[in-house]
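Working notes, beginning with the structure itself.
Predicted model only: the values in this text are computed from it and were never measured. The figures here come from the full heavy-atom set of this structure, side chains too, leaving out hydrogens, waters and symmetry mates.
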Amino acid sequence: MSLNSTSDNQSCEREIYIGLMSGTSIDSLEAAMLFVSTKDHEICDLSIGKVVSYEWLSDEKELLHGLCDPHSRFNNIQSQAQGAQLISQRSAQLVNDLLQITGYSASDIVAIGSHGQTIFHQPEKSISVQIDNGPNLAALTGIDAIVNFRAADLAAGGQGAPLAQIFHSALFGKNNRPVFMLNLGGIANITALDAKGNIIAAFDTGPANTLIDLMCREAFNEPYDKDGNYARSGKVNELLLNAMLTHEYFATPYPKSTGRELFNAEFLKRFDALPDFNNSSREDILNLLATLTELTARTVLDGIKQVVTSINSTAKSNAHSDAPSYTLDTCELIVAGGGADNGYMMERFKVLADAMGLKLSISSIKQQGIAPQSLEPAAFAYFAALCTHGIQVNLNSSTGAKAPSILGCICPSINGHFVRSLRAK
């Protein structure tokens with residue numbers, strides 16, 4: 001898919017970037033190619049290319065999941081170093097596979113943008129840890145690697161996440177109607193864009209698939225609830241749902257971000273909802289999955305309603321002044337991430353949105369011509385392009401950052417674009 005941000009694309013130079021992403025669910029690692037047209041260090045046009053995926057092996061998943069669990073045997077410095085090395089090695093393999101499939105060489109790629117694997121996120125203390133090994137990735141691919149994208153936003157007083165709203169604005173800013181972009185990975189995050197593509201808000205609404213995946217792994221030895229079939233077979237426990245909705249995170253105003261530090265087995269224990277997998281009936285597990293799916297749908301839509309109410313209230317108060325005023329009466333909701341393939345969850349969004357009086361046109365990002373699994377890695381390819389060109393981003397409206405920043409830390413390859421550029425001067 002190609003979207004223009006300027007009309008004079010004939011004089012733009014085309015550059016190629018690769019983005020890498022392993023999400024909170026830790027089910028797979030994706031690499032996406034992004035074609036970027038630039039002129040005078042401004043981005044003119046974007047086009048998402050080929051995406052390839054690597055499914056984490058069972059022992060790799062055990063390590064990466066364990067690094068996120070403070071009670072795990074992997075909660076030590078040695079395991080963290082092993083995880084960082086694993087991320088960089090598998091990332092390099094995937095990048096080299098992508099080059100082979102597409103016929104490009106390392107010298108054709110300006111840079112790799114690698115998210116790494118988040119293992120700890122505590123934004124209220126300006127801490128967020130994504131394990132990675134940028135120098136190793138650069139050495140194994142011969143391409144400059146740009147890593148540690150959250151750090152600059154944290155240093156500027158922001159949450160460090162989410163960041164994808166910058167990319168969403170670039171992609172969907174020309175829709176000429178308000179858009180909510182929803183990514184359903186392990187955690188759900190939304191981007192609200194006005195009709196001109198300006199970022200109104202962006203924040204994590206709460207769990208998307210992380211609790212659902214946890215139940216499927218423990219109860220059925222399956223990585224996720226395919227198409228929501230387990231949840232569809234269950235019945236929502238309204239008492240449990242309402243209890244979980246009282247968690248303080250859901251009442252916290254945006255900007256905000258979260259992770260598995262909050263939404264994990266301990267979250268379920270807090271509400272006496274963690275099953276005894278040896279003694280729980282299949283019906284009990286299915287009912288819990290239905291309830292957790294409903295929790296995701298409800299908290300996402302509650303977040304959207306919070307934004308809509310805030311904007312419409314501001315418009316009403318500005319009605320008799322010279323201040324800019326617009327409302328979010330009818331919006332488009334575009335869903336990406338693994339949850340976009342969960343048919344039951346998509347159904348619940350539509351049913352609940354109608355019940356809540358939200359006028360949303362809901363669709364999968366597939367209908368925009370974009371593969372759901374390509375959006376997040378392509379976003380980090382875009383961030384790599386921004387970093388390469390020294391483009392500052394202002395995330396005050398979404399992460400709460402007090403100042404603009406340049407995202408990412410460059411790890412040069414000895415024959416990469418950074419060194420070649422220096423030699424050419």
Side-chain angles (χ1 to χ4, degrees), residues 23-28 58 61-62 64-66 68-72 182-189 204-252 258-303 335 337-353 355-356:
T24 311
S25 297
I26 311 180
D27 48 11
S28 60
S58 57
K61 287 182 181 180
E62 183 183 17
L64 297 177
H65 279 293
C68 303
D69 182 357
H71 307 295
S72 165
L182 170 63
N183 184 68
L184 293 173
I187 299 296
N189 60 73
D204 294 340
T205 59
N209 298 310
T210 188
L211 297 175
I212 297 168
D213 293 350
L214 172 63
M215 289 302 100
C216 289
R217 288 195 304 272
E218 297 295 334
F220 304 119
N221 196 29
E222 294 184 23
Y224 61 95
D225 185 5
K226 186 175 182 180
D227 200 33
N229 289 328
Y230 286 132
R232 192 191 301 274
S233 301
K235 183 178 179 181
V236 174
N237 181 331
E238 295 289 347
L239 286 176
L240 175 59
L241 174 64
N242 289 329
M244 291 192 293
L245 286 169
T246 65
H247 190 280
E248 55 271 19
Y249 182 80
F250 302 129
T252 303
T258 189
R260 289 175 21 156
E261 293 73 32
L262 280 185
F263 298 107
N264 50 31
E266 296 300 317
F267 172 85
L268 296 175
K269 286 180 183 178
R270 174 174 172 175
F271 300 101
D272 296 323
L274 185 67
D276 177 352
F277 293 102
N278 293 321
N279 297 308
S280 296
S281 69
R282 181 181 177 87
E283 181 182 8
D284 288 341
I285 300 296
L286 296 178
N287 290 344
L288 180 55
L289 283 167
T291 305
L292 293 175
T293 302
E294 197 81 352
L295 177 68
T296 294
R298 273 288 304 274
T299 50
V300 165
L301 293 173
D302 283 345
V335 185
D341 291 325
N342 185 324
Y344 177 66
M345 189 178 289
M346 293 292 285
E347 290 171 19
R348 296 309 300 160
F349 280 131
K350 293 176 182 178
V351 170
L352 291 173
M356 294 169 67

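- R270 has a carboxylate O that lies under 4.0 Å from a charged side-chain N of E248, or vice versa, which qualifies the two as a salt bridge.
- Pairing each heavy atom of G66 with each of S72, the nearest pair is O-CB, 3.2 Å.
- Each of T210, N209, T205, T296 was compared with I187 under the side chain to side chain contact (heavy atoms under 4.5 Å, CB included) criterion, and only T210 meets it.
- Taken to the nearest 0.5 Å, the CG atom of N287 stands 11.0 Å off from the OG atom of S280.
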Go through R260 and F267 one step at a time and tell me if the side chain to side chain contact (heavy atoms under 4.5 Å, CB included) criterion holds.
-> CA-CA 9 Å; R260 289 175 21 156; F267 172 85; over 6 Å; no
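- Closest heavy-atom contact between L288 and A273: CD2-O, 3.4 Å.
- At least one side-chain heavy atom of M215 sits less than 4.5 Å from a side-chain heavy atom of P275.
- Taken to the nearest 0.5 Å, the CG atom of L245 stands 11.5 Å off from the NE2 atom of H247.
- I26 places a side-chain heavy atom less than 4.5 Å from the side chain of C68.
- The two residues G206 and F250 come nearest to each other via the heavy atoms CA-CE2, 4.2 Å.
- Looking at heavy atoms from C-beta onward, L301 lies in side-chain contact with F349 at the 4.5 angstrom threshold.
- Annotation: E222, atom CD; neighbour count of heavy atoms from other residues, nucleotides and ligands within 6.0 Å is above 12.
- We find the CG-CG distance between N242 and L295 to be 10.5 Å, quoted to the nearest 0.5 Å.
- Scanning all heavy atoms of the two residues, the minimum distance from A188 to L182 falls at CB-CD1, 4.3 Å.
- With rounding to the nearest 0.5 angstrom, the CG atom of N229 is 6.0 Å from the CZ atom of R232.
- Separating the NZ atom in K235 from the OG1 atom in T291 is a distance of 10.5 Å, to the nearest 0.5 Å.
- Aromatic rings from F271 and F263 are positioned such that their centres are separated by 6.0 Å or more.
- Within the 4.5 Å cutoff, no side-chain heavy atoms of Y249 are placed close to those of T299.
- Annotation: side chain of M345 is not in contact with side chain of V335 (no heavy-atom distance under 4.5 Å).
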I would like to know whether C216 and L289 meet side chain to side chain contact (heavy atoms under 4.5 Å, CB included); could you show each step before the answer?
-> CA-CA 8 Å; C216 289; L289 283 167; 4.2 Å; yes
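- Taking each heavy atom of A290 and G234 in turn, the nearest pair found is CB-C, 3.8 Å.
- Formation of a donor-acceptor pair under 3.5 Å by the D227 side chain with backbone atoms of G343 is found in this model.
- Around the CG atom of D276, the shell of radius 6.0 Å holds more than 12 heavy atoms that belong to other residues, nucleotides or ligands.
- Counted within 6.0 Å of OH on Y224, heavy atoms from surrounding residues, nucleotides or ligands total 12 or fewer; the atom is thus considered open.
- With values rounded to the nearest 0.5 angstrom, S25 atom OG is found 10.0 Å from L184 atom CG.
- Residues M244 and L292 meet the side-chain proximity criterion, which asks for heavy atoms closer than 4.5 Å.
- In terms of modelled atom types and a separation under 3.5 Å, the side chain of D225 and the main chain of Y230 share a donor-acceptor contact.
- Within the 4.5 Å cutoff, side-chain heavy atoms of T293 are placed close to those of Y344.
- K350 has no carboxylate O lying under 4.0 Å from a charged side-chain N of E347, or vice versa, which leaves the two without a salt bridge.
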